[in-house]
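Read the structure below first, then the notes.
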Amino acid sequence: QGQVVVPALQGALQQLGAPGGDWRQADGVLYAAKALVQHVPPAPAEPAASVVLACTRLDPACAPQLLATALLCVSGHAPWLSAHPEHLGSALSFASAGLASGDARAAAAACVCIKNVCDSCSEHLAAEPWSSQLLSLAVASRDMRIESADRSELLQGAGYVYSLLPLADVVRCLDALASPLLARLSQVCGASATTAPSSTEVCALLDELASLSRYCQPSVPEFENSHPIAHLLSAAWPVLTLVYDKLGKDSRAMEKLCRVLKFSVRTATTHAVTFLPGMLTTLSSWFLDHPHSCFLYAVHVCATQLAGTSHDLDDALFGVYSSMASRVFLLLTPKMGQDLVQALGAFPDVLEDFFELSLVTFMRFRDRLLAGTTWPPLVQLCSGCVLLEHREAWRACTHLAEGIFGSCARRVDVDPHTLSVLDATVAQHGPVIMRGVTCAIAGVLPPARVPQCTALLRAMMEGVPESAGSWLEHALGALPVAAHEDAKILLTACTRSPVSWPEVRRAVDDFSDVCRRKRIIA
């Protein structure tokens with residue numbers, strides 16, 4: 001259908017922007033062409049060429065709505081431009097005119113257009129003169145009236161292109177793009193600033209830095225001494241500490257700051273290892289003063305990506321985890337007039353990220369964790385959150401519990417002391433966690449959480465089958481009498497040998513449905 005309709009639009013496309021024409025009619029024609037582009041195959045090229053040429057010949061002074069639609073139309077033809085690079089020059093010039101138009105809608109469309117063209121045509125744009133023109137355009141955009149979110153899309157497109165450049169050129173381009181951002185952050189957050197920085201402006205600048213570190217992903221061999229993003233992070237870190245000094249209490253600003261760290265670590269990987277121990281120690285001290293959950297998540301990313309790559313980094317990761325855990329336990333201690341449930345529910349984001357970090361720490365540093373003082377309160381906290389109302393914090397809690405019980409089944413080449421502590425922990429907290437799981441299935445928590453409860457039940461039954469069967473029997477027996485007859489079916493499915501887990505899942509679902517219909521738990 002697209003092959004029939006687009007050629008039919010060609011006559012109308014030739015009249016785009018004609019003097020005295022109705023821009024609304026022209027806008028409708030372009031909108032139709034944009035909507036149909038996904039249905040038109042790359043060949044024949046004539047319909048697509050007609051659309052692109054008609055758009056790029058528009059007068060940038062036309063109606064802003066028409067200009068924005070034309071830019072999005074060119075954006076939709078980005079894959080076609082990759083096969084016909086002779087039209088790249090006119091497309092980029094048209095997008096540049098949209099950026100400089102002064103209209104917010106047209107500028108936003110121009111940023112989307114540049115991002116998609118860069119994504120589809122990165123190999124062409126990585127060559128000269130395109131890469132230099134793109135750099136000049138991105139730098140010049142700072143003086144244009146463009147929303148920060150739109151400029152981040154522009155930088156995202158630039159990142160796609162610069163990922164393909166030689167490393168020295170990547171460093172040069174990143175410096176050119178990041179230097180104005182860091183200079184402005186230093187200006188508004190430095191000691192010489194006479195007024196409090198605008199949180200909105202700081203967050204916008206951090207978002208743009210995050211776009212660079214996220215989407216510029218050059219291929220760097222491990223034997224290279226440095227990585228362009230590691231170089232960027234090293235240059236940005238002193239400025240980021242200034243941001244913390246001014247806005248450490250602002251959770252949104254700290255979230256944006258940690259996004260820069262997160263994407264930098266993920267992109268630079270092992271090339272950031274030598275820099276990370278000091279950064280992690282600083283993050284820990286920040287968390288002690290202002291316990292934002294994003295600090296936990298930043299450490300979680302570092303542990304997930306790089307634990308095991310260096311002894312110094314491993315020592316730093318475990319030390320920072322222990323310090324942060326102590327702060328979390330203090331934060332969650334019930335205050336005067338609070339019960340435990342209220343205390344836990346007051347910081348769901350902190351709980352979520354702490355449990356996720358704890359699971360990674362347990363998997364990577366199990367012997368250290370079980371030998372230390374952090375382990376008993378951690379498991380106590382986990383067992384107390386099995387019925388937590390907050391969905392994401394509860395999910396992270398049950399994943400940690402899964403990891404603990406799952407490790408009980410893997411006992412080969414494990415330190416004897418670690419095994420004894422693990423067995424004692426499971427024996428102490430297993431019955432409590434099983435009671436929570438059965439109550440959740442019976443109706444304390446929403447039906448959507450039953451599959452995750454089933455996954456935790458499976459981890460317990462496979463990790464410590466004999467004990468878990470006894471715990472389950474007692475937990476089901478503690479439910480109201482109206483549930484006992486149906487509970488026998490579930491208990492039989494879980495304890496028969498061999499266990500059929502599809503059958504267990506069906507039994508859990510049926511038991512949950514019956515309990516909810518009977519309102520076993522009011």
Side-chain angles (χ1 to χ4, degrees), residues 34 60 64-65 67-76 78 91-92 94-120 122 125 134-163 173-174 176-185 187-189 197-217 229 232 236 239-240 243 247 250-264 266-267 292 294 297-298:
K34 176 171 70 74
Q65 297 93 327
L67 180 58
T69 303
L71 286 161
L72 293 176
C73 194
V74 173
S75 173
L92 285 180
F94 182 56
S96 300
L99 281 179
S101 66
D103 179 75
R105 184 186 304 181
C111 290
V112 172
C113 179
I114 292 171
K115 179 190 74 173
N116 289 336
V117 169
C118 287
D119 188 15
S120 296
S122 56
L125 295 175
L134 182 61
L135 180 60
S136 299
L137 178 62
V139 171
S141 70
R142 295 218 56 79
D143 298 322
M144 300 177 185
R145 292 177 56 190
I146 303 174
E147 293 292 331
S148 176
D150 299 325
R151 187 176 289 107
S152 292
E153 292 208 77
L154 173 59
L155 295 175
Q156 178 179 339
Y160 293 145
V161 174
Y162 297 146
S163 298
C173 292
L174 285 177
L177 294 173
S179 293
L181 304 176
L182 297 176
R184 179 58 182 163
L185 284 171
Q187 181 182 358
V188 299
C189 296
S198 163
S199 175
T200 302
E201 181 185 6
V202 169
C203 288
L205 292 167
L206 292 172
D207 271 340
E208 293 174 35
L209 273 177
S211 290
L212 290 176
S213 59
R214 180 179 187 180
Y215 296 107
C216 185
Q217 300 185 353
I229 297 300
L232 174 62
V239 180
L240 298 180
V243 173
L247 295 172
D250 189 322
S251 60
R252 182 167 175 265
M254 293 302 99
E255 174 68 30
K256 301 295 184 180
L257 185 154
C258 287
R259 287 183 78 245
V260 176
L261 302 180
K262 171 180 72 174
F263 292 127
S264 298
R266 284 179 176 171
T267 302
H292 299 301
C294 57
Y297 186 68

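Predicted, not measured: the structure shown is a model, and the values here were computed from it.
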Requested in this report: Compare all side-chain heavy atoms of Tyr162 with those of Leu177 and state whether any distance is below 4.5 angstrom.
Outcome: yes

Query raised in the report: Given side chains that start at C-beta, do those of Cys189 and Val239 come closer than 4.5 Å, heavy atoms only?
Result: no

Sequence neighbours left out, cut at 3.5 Å: what donor-acceptor pairs do the side chains of residues 200-208 make with other protein atoms?
residue	atom	partner	partner atom	Å
Glu201	OE1	Arg184	NH2	3.3
Glu201	OE2	Arg184	NE	2.5
Glu201	OE2	Arg184	NH2	3.1
Asp207	OD1	Lys256	NZ	3.4
Asp207	OD1	Arg259	NH1	3.0
Asp207	OD2	Lys256	NZ	3.2
Glu208	OE1	Arg142	NH1	2.7
Glu208	OE2	Ser148	OG	3.0

Report task. Using modelled atom types only, decide if a donor and an acceptor are shared between the side chain of Thr267 and the backbone of Ser213 within a distance under 3.5 Å. Result -> yes

Report summary line: One should read off an interatomic distance between Cys118 SG and Leu125 CG, to the nearest 0.5 angstrom, of 5.0 Å

Report task. Could you walk me through whether Glu255 and Tyr297 pass side chain to side chain contact (heavy atoms under 4.5 Å, CB included), step by step? Result -> CA-CA 10 Å; Glu255 174 68 30; Tyr297 186 68; 5.9 Å; no

Query raised in the report: Are Cys111 and Leu99 close enough that some pair of their side-chain heavy atoms sits under 4.5 Å apart?
Result: yes

Query raised in the report: Sub-3.5 Å donor-acceptor pair from the side chain of Tyr215 to the main-chain atoms of Glu153, do we have one?
Result: no

Query raised in the report: Side chains of Pro197 and Leu247: closer than 4.5 Å at any heavy-atom pair?
Result: yes

Query raised in the report: Is it the case that more than 12 heavy atoms not belonging to Arg105 sit under 6.0 Å from its CZ atom?
Result: no

Query raised in the report: Hey, does Phe263 have a side-chain heavy atom less than 4.5 Å from the side chain of Leu209?
Result: no

Query raised in the report: Is Leu137 close to Ile114 at the side-chain level, that is, under 4.5 Å between some pair of heavy atoms?
Result: yes

Report summary line: By ring pair (Phe, Tyr, Trp, His ring centres under 6.0 Å), Phe94 pairs with (sequence neighbours left out) none

Query raised in the report: Is the shortest heavy-atom distance from the side chain of Leu154 to the side chain of Val112 under 4.5 Å?
Result: no

Query raised in the report: Any side-chain heavy atom of Cys113 within less than 4.5 Å of one from Leu72?
Result: no

